[in-house]
Every structure is written in structure tokens, then in C-alpha cells.
Protein chains: 2
Amino acid sequence: MFLVPLDDDFCCPPFLRVELDEAEAEELAAVMKALADPVRLRLVSTVANAESGEVCACDLPALLGRSQPTMSHHLGQLVQAGILEREQRGKWAWFRLRHDRLARLGSLFVAAEP
Amino acid sequence: MFLVPLDDDFCCPPFLRVELDEAEAEELAAVMKALADPVRLRLVSTVANAESGEVCACDLPALLGRSQPTMSHHLGQLVQAGILEREQRGKWAWFRLRHDRLARLGSLFVAAEP
DNA sequence: GAAACATATTGACAGATGTCGAACTGTCTG
DNA sequence: CAGACAGTTCGACATCTGTCAATATGTTTC
């Protein structure tokens, strides 16, 4: 299956124009689930809006008001879901968006024009 | 929200180019949560692909292989999240997508220029 | 190597979630 | 009104989830 941006000349398509079978629904739900949490959404939003396009894990507990293990847990979820990628640089762990994966997901939410 | 065939010539769409505060994240997470379930995704996909744009609840248990109370539960979630709307017609309940809400959801995910 | 720091893993726990059968409510049709 | 049918609500249960303190692992610096 996959979720991809629309053609430019594509107007007013209905929502989710594909019949999902059980396996596809399961797969898509897993990604959505990873995003269906306020802390993780803010995490993604933080990374997406970072100047450099990446964020150091070290800043996150203070920024989002959760303990360090909790942040680590959420980061792990996002990496596993393919939403973030992780790079170790010295002592620090840096996180970036996986635009390739998000492009598909983002296209899920493209609004129908009237 | 669209699911379309793969297309090669796209690059790096923006994603969640908005800094979410705690309340916004909570609100968005609630909607995502409603979509983050395989049965509910298939439900939405079924409604979206219906000829008439709507689906009778009576068909859903057989179609998706869950008990009738379970379907009712999921439909309730989607209605409460503002993803579906419900109309009672005689004995039957019919469900439609709420394109207005879905469009708004889309605007958060795919926003500005790179 | 030891000490210090960044992050991950573990263990525990309260709360949420998906599921179904049973019972209830509402709507038609004789 | 009574019976049949469509859906919701309730109760119960197993499972999953977010959270944190404690501990472990890994990296750098002295």
C-alpha cells in the first residue's frame, strides 16, 4: 500500500480512497498509534520546527516536562514506528524526522478542497 | 485524507510545522487516537469508499468481523472524535465522513513551504 | 582506570482500551 | 398493543500504555 502526495491536478478526492484490508489497517494503525499521544506529538512538532532539523535528547525532559526515562520511552516508540531516526554523536543522541515515511502519512491528512 | 498510488517525483513535504502547546497536542492526540485502531481505520475507509458516501451500521459487523456491540463502540468513538457523523433513518443508523473536520486535521500536518 | 555524564532498560503500578454476552431502548409493522 | 428488529449501554475481563524511581549501559574526560 502506500501513502503518497497527491498529483497537482487532483481535486476534491474523498477521504482514504482505498479499501484497507486487515493487514494494511493494522500497519497503518501502528503508525497512527505512535502519533496518538500528546507528548509524542509535541516531540515530533519540536523536531519538525528545530532550526537544524534535529533535536538533542538531552533537552527534551526539561522542554516537555517528563522524566528522562519517559522521554526515552516515547523516543523509542517514534523511532520504532519509523517517524524519527536516531543518531548517536558522542554522549548525545540526536533525532530527526524521517521525511520519507512522513510524506506518506502526511498525505493521509491532505484536506479535500471544496 | 487520501491514500493514493505511489508517485516518484515528490520531495520532503513539511510535517507538523507548528509548535504544539500542551492543550493543542492533547486535542490533536484525541483525534489521532480515534484513528489509531485497525477496526476504526477500516470503518473510515469503508465509509469513504461507499458509493453514496454513507454506510448503514447494519452491514458493519458482518463486513469487519466484529460483534455488533463492538462495532457500536467504535462508531461511537469516531463520532465523538468528530470523524463521522451519524443519522438515524427509521430503524437504521447511517454514517458519513465529516469532511470539514478532516480538512482541519490535514492543515496541521501538511502546512507551509519548505 | 575512575569519575561523570547521557541515555536505555527494568520493575511496578494506575488507568485506559478492545472485546463480547446480556440486558436495555427505541423504531417499525402487523 | 405485541412482536420483531436495530442499536446502545452495562458488566466483566484481559491486555496495553504512560509514568517514574532505580538500575544498567555506554561515552567522554581526567
Side-chain angles (χ1 to χ4, degrees), chain A residues 20 22-23 25-47 50 52 54-81 83-96, chain B residues 20 22-23 25-47 50 52 54-81 83-96:
Chain A
L20 298 177
E22 197 140 4
E26 204 79 55
E27 189 185 340
L28 183 51
V31 182
M32 302 283 289
K33 219 166 177 180
L35 285 172
D37 175 272
V39 172
R40 291 197 289 270
L41 278 175
R42 294 187 71 197
L43 248 165
V44 168
S45 146
T46 299
V47 176
S52 60
E54 55 188 6
V55 160
C56 177
C58 55
D59 298 323
L60 296 172
L63 194 59
L64 300 187
R66 300 295 143 110
S67 74
Q68 181 273 316
T70 296
M71 287 314 316
S72 180
H73 165 70
H74 287 304
L75 287 165
Q77 299 261 326
L78 289 169
V79 169
Q80 185 177 0
I83 294 165
L84 295 185
E85 64 188 350
R86 185 203 137 109
E87 187 190 348
Q88 183 86 23
R89 288 217 289 275
K91 297 202 266 198
W92 297 279
W94 292 81
F95 293 85
R96 262 189 306 279
Chain B
L20 298 176
E22 196 140 4
E26 203 78 54
E27 189 185 340
L28 182 51
V31 181
M32 302 284 291
K33 219 166 178 178
L35 286 172
D37 176 273
V39 172
R40 292 196 289 270
L41 278 175
R42 293 187 71 197
L43 248 165
V44 168
S45 145
T46 299
V47 176
S52 60
E54 55 188 6
V55 160
C56 177
C58 54
D59 298 323
L60 297 171
L63 195 58
L64 300 186
R66 301 295 144 109
S67 75
Q68 186 275 318
T70 295
M71 287 315 316
S72 179
H73 166 70
H74 287 305
L75 287 165
Q77 300 259 326
L78 288 170
V79 169
Q80 185 177 1
I83 294 165
L84 295 185
E85 64 188 350
R86 184 202 139 109
E87 188 190 348
Q88 184 86 25
R89 288 217 289 276
K91 296 201 265 197
W92 296 280
W94 292 80
F95 294 85
R96 261 189 306 279

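All values below were derived from every heavy atom in this structure, side-chain atoms included, with hydrogens, water molecules and symmetry-related copies excluded. Letters go in sequence order (proteins before strands), and every chain restarts at 1.
- Considering only residues two or more places apart in sequence or on other chains, A:Thr46 meets the side chain to side chain donor-acceptor pair (under 3.5 Å) condition with none of them.
- Here B:Arg42 pairs with nothing under the side chain to side chain donor-acceptor pair (under 3.5 Å) rule; sequence neighbours left out.
- B:Glu26 meets the side chain to side chain donor-acceptor pair (under 3.5 Å) test with no other residue; sequence neighbours excluded.
- A search for salt bridge (Lys or Arg N to Asp or Glu O under 4.0 Å) contacts involving B:Glu85 returns B:Arg96, not counting sequence neighbours.
- With sequence neighbours excluded, no residue forms a side chain to side chain donor-acceptor pair (under 3.5 Å) with B:Gln80.
- Every residue was checked against the salt bridge (Lys or Arg N to Asp or Glu O under 4.0 Å) condition with B:Arg86, not counting sequence neighbours, and none meets it.
- With a cutoff of under 4.0 Å to any heavy atom of chain A, the contacted region of DNA chain C is bounded 5' to 3' by C:dC5 to C:dT9.
- Residues satisfying the side chain to side chain contact (heavy atoms under 4.5 Å, CB included) criterion with B:Val47, sequence neighbours excluded, are B:Val55, B:Leu84, B:Leu97.
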_Protein proximity profile, nucleotides 16-30 of chain D - base contact B, sugar-phosphate-only contact S, no contact -, cut-off 4.0 Å on heavy atoms_ = -SSBBBB----SS--

